[in-house]
Amino acid sequence: MSRCVALVPAAGFGQRFGSPTPKQYLDLVGRPLMAHTLATLAAVPAIDLVAVVVSPGDEWFDGFDWSGIAKLTVLRVGGASRAQSVQNGLSALRADGRLADADWLLVHDAARCCVSVELVERLIATLADDPVGGLLALPVPDTVKRADAAGRIAATVSRSGLWLAQTPQMFRAATLAEALEQGASDAITDEASAVEALGLAPRLVEGDAQNFKVTYPRDLALAAAILAARTGQ
Ligand code: C5P
């Protein structure tokens, strides 16, 4: 099987979170939030390299000790959008020969800090021979409503066939590079949508509700409880 490289965009400022310190650097059970994310990815035996993309003006990364996380490399090439950060990171890895066209790239949000080794291994095992690649996702469990401008229900949408996209999203480096080059960066909120725009159909691999993205301050307590339960703290 080809090599697997994890790419973690962490150049956002978490506007919805509303903290002066970007959420990926907030303390969570004694370490910066994204240290949990990076350590879990590094603990997956099939992953050879974990590359984290931070903004060129990042003032926080160097304030922490990352030496305990094997396979980690930092790329200070973050862009104005998540898609741009991923594209810049991918280009940097290809330019210095650390990523070949046929390698699998697993793009994972820094803020999905409760991802588990087992979940990533399930994704890699399911997609190992897939011609396109795919992503972790969850079938929508609730009844779905479309709102009108007044905050009232305009329609009830059938949830049949609807999934919530998670990460990692796993594609061949060359496929993802082509997809991101062709896509308009503002419209791309995940890698799969860029690959879909090439006319390809990424595979959905069942994820886990614990692999949620820390988005609002209230999410921290849930993430802390999940991580503490795993380590028996
Ligand atoms: O803001 P949101 O949580 O949706 O961002 C998803 C991921 O993309 C986060 O890990 C965030 O740090 C990253 N990101 C980035 N560059 C940006 C914006 C977001 O790397 N310009």
Side-chain angles (χ1 to χ4, degrees), residues 5-28 31-42 47 49-64 66 69 72-93 99 105-115 119-120 135-138 163-171 176-177 179-181 183-195 207 209-223 226-227:
V5 172
L7 183 69
V8 179
F13 290 94
Q15 274 168 1
R16 284 173 293 180
F17 197 92
S19 151
T21 303
K23 61 186 175 184
Q24 57 270 33
Y25 292 112
L26 291 179
D27 182 86
L28 186 64
R31 38 197 326 210
L33 185 148
M34 75 168 172
H36 297 280
T37 317
L38 300 172
T40 298
L41 293 170
I47 291 180
L49 179 70
V50 178
V52 61
V53 178
V54 302
S55 131
D58 184 291
E59 299 164 14
W60 296 272
F61 189 85
D62 291 336
F64 298 99
W66 305 94
I69 303 178
L72 183 66
T73 188
V74 59
L75 305 170
R76 298 171 197 272
V77 296
S81 66
R82 181 184 182 284
Q84 195 64 60
S85 295
V86 171
Q87 192 174 6
N88 293 353
L90 200 164
S91 301
L93 289 172
L99 188 66
L105 196 64
L106 283 83
V107 181
H108 183 68
D109 292 325
R112 290 187 193 271
C113 53
C114 296
V115 67
L119 205 49
V120 179
L135 65 154
L136 290 175
L138 270 188
W163 292 64
L164 299 167
Q166 300 187 331
T167 67
Q169 303 205 353
M170 173 170 159
F171 296 101
L176 190 56
L180 292 174
E181 270 158 31
S185 161
D186 290 353
I188 301 173
T189 53
D190 72 347
E191 290 61 52
S193 55
V195 172
Q210 290 194 355
N211 184 28
F212 69 99
K213 184 169 62 173
V214 172
T215 305
Y216 302 104
R218 61 175 180 266
D219 298 332
L220 282 178
L222 178 57
I226 292 170
L227 295 169

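Whatever order the structure lists them in is the order used to number ligands and atoms, beginning at 1. None of these values were measured; they are calculated from a predicted model.
- A donor-acceptor contact shorter than 3.5 Å is absent between the side chain of D27 and the backbone of P32.
- Counting protein heavy atoms only, atom 8 (O) of ligand 1 is closest to R82 CG, 3.3 Å.
- Taking the charged nitrogens against the carboxylate oxygens, D190 and R82 have no contact shorter than 4.0 Å, which rules out a salt bridge.
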query: Do V107 and L105 pass the side-chain contact (heavy atoms from CB on, under 4.5 Å) test, and can you show the C-alpha distance, the side-chain angles, and the key distance before you say yes or no?
result: CA-CA 6 Å; V107 181; L105 196 64; 4.2 Å; yes

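- Heavy-atom distances between Q84 and ligand 1 stay at or above 4.0 Å for every pair.
- Here M34 has no heavy atoms under 4.0 Å from ligand 1, in either its backbone or its side chain.
- Numbered from 1 in the order shown, with element, the atoms of ligand 1 that lie under 4.0 Å from a heavy atom of A110 read 10 (O).
- Side chain of D58 to main chain of V54: no donor-acceptor pair is present (N/O by atom type, distance under 3.5 Å, no hydrogens or angles).
- Closer than 4.0 Å to atom 10 (O) of ligand 1 lies at least one heavy atom of the protein.
- Note: an N/O pair closer than 3.5 Å links G12 and ligand 1 by distance alone.
- R16 NH2, 3.8 Å is the protein heavy atom nearest to atom 1 (O) of ligand 1.
- For ligand 1, the atoms lying closer than 4.0 Å to a non-hydrogen atom of G79 are 17 (C), 21 (N).
- Close contacts of ligand 1 with A80, meaning ligand atoms under 4.0 Å from a residue heavy atom, involve 21 (N).
- Ligand 1 has no atom lying under 4.0 Å from any heavy atom of R112.
- Considering only non-hydrogen protein atoms, atom 20 (O) of ligand 1 sits nearest to A11 N, 2.8 Å.
- Every N/O-N/O distance between D109 and ligand 1 stays at or above 3.5 Å.
- Close approach to K213 involves these atoms of ligand 1, each under 4.0 Å from a residue heavy atom: 2 (P), 3 (O), 4 (O).
- By the 3.5 Å distance cut-off applied to N or O atoms, V214 is not counted among the residues near ligand 1.
- F61 meets the ring-ring contact (aromatic ring centres under 6.0 Å, His included) test with W66; sequence neighbours excluded.
- Scanning all protein heavy atoms for the shortest distance to atom 13 (C) of ligand 1 gives P9 O, 3.4 Å.
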message: Using the rule given for side-chain contact (heavy atoms from CB on, under 4.5 Å), can you reason through L106 versus L7, listing the C-alpha separation, both sets of side-chain angles and the distance that settles it, and then say yes or no?
response: CA-CA 6 Å; L106 283 83; L7 183 69; over 6 Å; no

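- Looking at atom 16 (N) of ligand 1, its nearest protein heavy atom turns out to be S85 OG, 2.8 Å.
- Contacts between P22 and ligand 1, counted as non-hydrogen atom pairs separated by less than 4.0 Å, are absent for every part of the residue.
- Within the structure, the closest approach of S81 to ligand 1 falls below 4.0 Å when heavy atoms are considered.
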